[in-house]
2 protein chains.
Amino acid sequence: MNDKTSLITLADVAKTAGVGESTVSRVLRNHGSFSDKTRTRVMAAVEALGYVPNRIAGTLASTGSPLVAIIVPSLSNIVFSDVLSGITRTLEAGQRQAVFAVTDYDAEREEALVAAVLAWRPAAVMLVGLEHSAGTRRMLGVAGCRVIELLDVDGTPMDIAVGFSHRAAGRATADAMIAGGYRRVAYVGHDIRRDTRSAKRFNAFTQRLQEAGIPLHDHDIRPSPSSISEGKQGLANVLERSPDIDAVYFSNDDMALGGYFHCLAAGIAVPERLAIIGFNALDICRHTPQPIASIRTPRIEAGQRAAELFLADAPAQTLDLGFSLVEGKTIRRE
Amino acid sequence: MNDKTSLITLADVAKTAGVGESTVSRVLRNHGSFSDKTRTRVMAAVEALGYVPNRIAGTLASTGSPLVAIIVPSLSNIVFSDVLSGITRTLEAGQRQAVFAVTDYDAEREEALVAAVLAWRPAAVMLVGLEHSAGTRRMLGVAGCRVIELLDVDGTPMDIAVGFSHRAAGRATADAMIAGGYRRVAYVGHDIRRDTRSAKRFNAFTQRLQEAGIPLHDHDIRPSPSSISEGKQGLANVLERSPDIDAVYFSNDDMALGGYFHCLAAGIAVPERLAIIGFNALDICRHTPQPIASIRTPRIEAGQRAAELFLADAPAQTLDLGFSLVEGKTIRRE
DNA sequence: TTGTATGCGTTATCAT
DNA sequence: ATGATAACGCATACAA
């Protein structure tokens with residue numbers, strides 16, 4: 001069952017075409033020189049036999065690798081599907097093949113997965129964030145392949161980093177709140193230990209508020225991954241403890257959506273009674289009855305640019321794509 | 001730069017351990033027999049050299065392949081991220097490596113991608129749906145690998161199919177509307193030509209209504225992929241043409257969300273004035289002010305079960321995982 | 001322009 | 001229990 005195609009090799013094609021193996025190889029990769037006559041003959045044989053080149057053998061024999069490893073923390077967050085989209089779309093044009101794995105936000109798992117994909121001798125491995133275990137860094141350091149870290153530029157990349165600054169995003173969010181005249185600001189977040197980027201936003205946010213003389217009034221950090229229900233619950237908790245808050249920063253738009261829905265259900269006027277701002281500018285938040293204020297992040301673009309830099313064999317660098325504040329209707333401007 | 005690790009091979013390990021290459025291979029794969037003494041010696045050498053086995057070479061030399069190809073239509077729809085999650089999670093335990101590609105709902109592209117992944121001689125290729133081009137079917141037929149078609153069981157699978165019946169889902173939705181006493185029912189859908197599964201739901205839905213003496217009152221089929229804004233627009237269009245409709249079936253929850261938000265914004269009472277039902281039971285629709293009626297589909301489970309069947313080398317079969325109606329608060333029960 | 005021969009880093013088959 | 005050695009299917013000098 002496993003041999004119908006497996007049995008057809010370059011040698012078979014060469015034989016039925018009446019040429020040498022290397023000639024077939026040249027024709028197929030359009031590399032080197034050969035006559036038009038042999039070319040058509042070879043193609044005819046390929047067609048007749050239904051030959052499909054074995055890239056495993058081809059990769060072993062040649063120097064470079066067409067494989068690109070992609071390791072993401074999760075897929076339930078659309079953010080990572082977006083970068084994945086951007087990467088694969090661009091990679092396809094370069095005839096590269098993506099090998100893929102998910103860490104579930106687990107650093108140990110990430111290390112194991114990096115080891116696993118490295119066994120395939122990829123030309124590059126792309127992963128999310130700049131924080132990785134010592135083992136991961138060591139393996140990647142000696143692997144001799146490109147290393148591309150995505151969605152964060154706050155730190156020192158191993159090779160190439162493509163993304164934006166979460167610290168700057170946190171500050172920008174704080175600035176928006178300060179500009180809006182909010183004084184009793186709370187934060188509702190998720191799982192800060194595993195998602196180091198949300199932690200960076202949170203820290204920069206509170207620090208900026210502090211500098212403006214507005215210490216964070218309250219916060220609720222859920223010990224779970226971000227979700228709508230956790231956002232809902234987090235806001236409910238905060239409101240119970242601190243009914244007088246006038247604005248909330250959510251760790252991302254999933255959380256913010258939960259908070260917004262809570263307000264809708266509880267009849268809390270937004271933004272008059274309570275302002276809401278999230279992070280990522282998800283599509284859905286642009287279509288809620290009131291568009292939710294957020295920070296628009298270039299996710300697909302980050303994937304594309306990363307893949308492009310790799311394909312172009314660009315030098316080590318940090319590429320900051322920036323972000324932009326999306327005002328929405330859940331925060332007053334002033 | 002590309003040689004630091006590449007230069008360390010099985011032979012190097014064998015040399016520094018003072019044993020033969022095959023012995024190292026046996027120890028590493030824990031296969032065959034060897035003494036404890038040599039075992040520790042080999043592992044020490046592996047550790048010292050930082051040796052990482054080359055799976056490309058290993059795969060070429062051995063009979064089976066640890067590669068599993070996964071081809072999905074899109075990543076912007078969370079549905080496919082979910083199956084992908086289910087698959088990779090299960091595959092990881094089986095030491096398999098996923099290679100990955102996205103078709104963008106394009107049959108031609110799918111065919112090209114199938115050809116591309118087949119060149120890696122995967123042990124299985126997983127793709128979405130039962131409708132594929134003749135070329136795709138032919139290639140897969142002679143590839144000698146397992147073929148697993150996901151998220152649909154309405155048709156004849158090439159090998160294994162894991163999913164649920166979209167026709168049955170369409171009928172169940174119609175039944176819910178009939179039971180609710182709705183008489184002027186409309187449909188708002190997306191891109192029916194590319195998404196054949198939504199077409200199956202739509203057809204079964206209208207047919208069931210017809211059988212109950214309730215011909216579809218109106219419909220609006222957007223020529224684009226599903227999205228919140230298209231759902232919004234579609235409902236607006238229908239309402240303008242047919243202000244007297246009392247219920248709408250949306251092709252999926254993204255579309256339904258758009259419709260629901262339109263109602264919220266326009267002050268249309270749901271479900272008193274207009275009932276809404278979607279498809280997929282996305283998390284977010286469970287947390288809107290009124291949970292949106294929908295059909296819960298086993299997406300992650302489909303991925304898991306598919307991977308499990310593959311790992312267990314199960315015989316060709318169709319596995320119908322079923323679905324369930326989620327009532328929500330956007331449709332009256334009667 | 002074309003064919004031959006060698007090697008890529010393993011696994012697997014044999015002996016021993 | 002262990003070690004040579006022949007595949008695996010292709011790319012790539014090198015020769016012709």
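Just so it is clear: chains get the letters A, B, ... in the order the sequence lines come, proteins before strands, and each one is counted from 1.
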Sub-3.5 Å donor-acceptor pair from the side chain of B:Gln97 to the main-chain atoms of A:Phe100, do we have one? yes
Under 4.0 angstrom between B:Ser35 side-chain N/O and D:dA1 OP1 or OP2: no
For nucleotides 10-16 of chain C, read 5' to 3', which letter fits each nucleotide if B means a protein heavy atom sits under 4.0 Å from the base, S means only the sugar-phosphate is that close, and - means neither? BBB----
Under 4.0 Å between a side-chain N or O of B:Thr23 and OP1 or OP2 of D:dT2? no
A:Asn54 CG to A:Leu10 CG distance, which is reported to the nearest 0.5 Å: 9.5 Å
Ignoring hydrogens, what is the shortest heavy-atom contact between B:Glu131 and B:Glu110? Give both atom names and the distance. O-OE1, 4.2 Å
CA sep, side-chain torsions, deciding dist, call: B:Glu308, B:Thr90, side-chain hydrogen bond (donor to acceptor under 3.5 Å, both in side chains): CA-CA 7 Å; B:Glu308 286 167 7; B:Thr90 309; 4.8 Å; no
Rounded interatomic separation in angstrom, taking CG from A:Leu49 and P from D:dG9: 15 Å
Step by step, work out the salt bridge (charged side-chain N to carboxylate O under 4.0 Å, His left out) result for B:Arg146 and B:Asp313. CA-CA 9 Å; B:Arg146 299 310 298 260; B:Asp313 197 27; 3.2 Å; yes
B:Phe34 CZ to D:dT2 C1': how many Å, rounded? 12 Å
Write down the distance between CZ (B:Arg39) and P (D:dA1), rounded to a whole number of angstrom. 14 Å
Using the rule given for side-chain hydrogen bond (donor to acceptor under 3.5 Å, both in side chains), can you reason through B:Glu111 versus B:His132, listing the C-alpha separation, both sets of side-chain angles and the distance that settles it, and then say yes or no? CA-CA 8 Å; B:Glu111 186 167 329; B:His132 307 287; over 6 Å; no
